[in-house]
Amino acid sequence: MQYLGISWIQGSFATMRTHAERIKRLLTHSGGNMPDQEVKAFEPAFQSGFDFFVDPLLHRRTDEGRDEFRFEITEKHMNGGGGLHGGMMMNLMQAVLAKSVDQALNGAPHTLASIACDFVSAGRDGDVVEGQATITRKTGSIVFATGSIFVDDRTVMTANSVWTIEREGVAK
Amino acid sequence: MTEFGDRPTPVPQEPAQNIPAGYQQLDLYDPFEAYVGPVFQKANADAPISFEVEPRHADANGFAHPGMLLTFADTAIGNYVWAKVDWKPNVTLSMQAQFMGKAKIGDLVVCVPEMIQKTRAVAFVKGTFTVTDTPIMTVSSLWKMIGAR
């Protein structure tokens, strides 16, 4: 039971950091394949709900209009084999896509209709995961978005998604 | 490293307060599943798996967050596959989900998993997710047996 014994019961460095310390680490993280941009700082993408319950995801919109994300993997996000849990990985991907779609729609209500996720590689305890999303097409009722999440230069997950735009007073 | 076919010790969990009728609390082996759980299963390995939507699983409108539904899909189908392959270690390779409905706080989301095909290295698994028999999500997924070629 080594993989449960060492990492789960004793606790890791990443988990021992406070919430504020983790956000500070994400803000000062350098490396990865995002160009450094001093001008725009990251801010929490969500302040409540399930997104917040699973830990803070940081977001910034670059001057070129690209949405960028950062998240720190800690022990509670793990599977039994010591990797980032597949559900948490999809949850992160969904959050990256949702925030990007929200930005593209200026906050108009939208609903996830379909998502296809490929699990390209594993994430590990303490990794800083970065994410990016691209809006492929936006019509009057539908948004197509693709996203990827990665650790440094290594892709962890890629995904395609379809979102429906909700109309006020009209049932979905 | 765990030997093939050797099931480890479950993650310690609080006993669930409101176990749905006919279900038992499922032992979980992944810390993240225990963090978002509990989940429930009927008596045998082919039986439906469920979870009750709590406020912590919800978005601002009181509906189950799609990220939580995806997490539950990975948890429910993952545990189903694991039992089907005699506890051999495996990982999610890909998962596609379609959302045709919503679950609100207090709803019991039920997953009925189905093994479509199992090759030496990959399992092909479908899952139908319902709330009071109304479909809210369907999933198709691929699972890779670690080490198998």
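Order of the sequence lines sets the chain letters (A, B, ...), proteins ahead of strands, with each chain counted from 1.
- B:Thr75 and B:Leu28 get closest at one heavy-atom pair: CG2-CD2, 4.2 Å.
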Quick one: do A:Glu166 and B:Lys102 satisfy salt bridge (charged side-chain N to carboxylate O under 4.0 Å, His left out)? Show the steps, please. CA-CA 14 Å; A:Glu166 292 172 24; B:Lys102 290 186 174 183; 3.7 Å; yes
A:Glu43 and A:Leu58: CA distance, side-chain angles, deciding distance, side chain to side chain contact (heavy atoms under 4.5 Å, CB included) verdict: CA-CA 5 Å; A:Glu43 290 178 357; A:Leu58 300 191; over 6 Å; no
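- Ring to ring, A:Phe52 and A:Phe46 are not that close: their centroids are 6.0 angstrom or more apart.
- Cluster annotation: A:Val162 is not connected to B:Met95 through the hydrophobic network of ILVMFWY side chains, with a link wherever side-chain heavy atoms come within less than 4.5 Å.
- Between chain B and the residues A:Gln94, A:Met93, A:Met89, the largest count of heavy-atom pairs under 4.5 Å involves A:Gln94.
- Applying a 4.5 Å heavy-atom cutoff, the residues of residues 56-70 of chain B that approach chain A are B:Arg56, B:His57, B:Ala58, B:His65, B:Pro66, B:Gly67, B:Met68, B:Leu70.
- Applying the side chain to side chain contact (heavy atoms under 4.5 Å, CB included) rule to A:Ser141 yields the partners A:Thr139; only residues at least two apart in sequence or on another chain are considered.
- The choice from B:Thr138, B:Leu142, B:Leu93 that makes the most heavy-atom pairs within less than 4.5 Å of chain A is B:Leu93.
- Taking the charged nitrogens against the carboxylate oxygens, A:Lys76 and A:Asp55 do have a contact shorter than 4.0 Å, which makes a salt bridge.
- Each of A:Ala116, A:Cys117, A:Gly86, A:Ser114 has some count of heavy-atom pairs under 4.5 Å with chain B, and the biggest count is that of A:Cys117.
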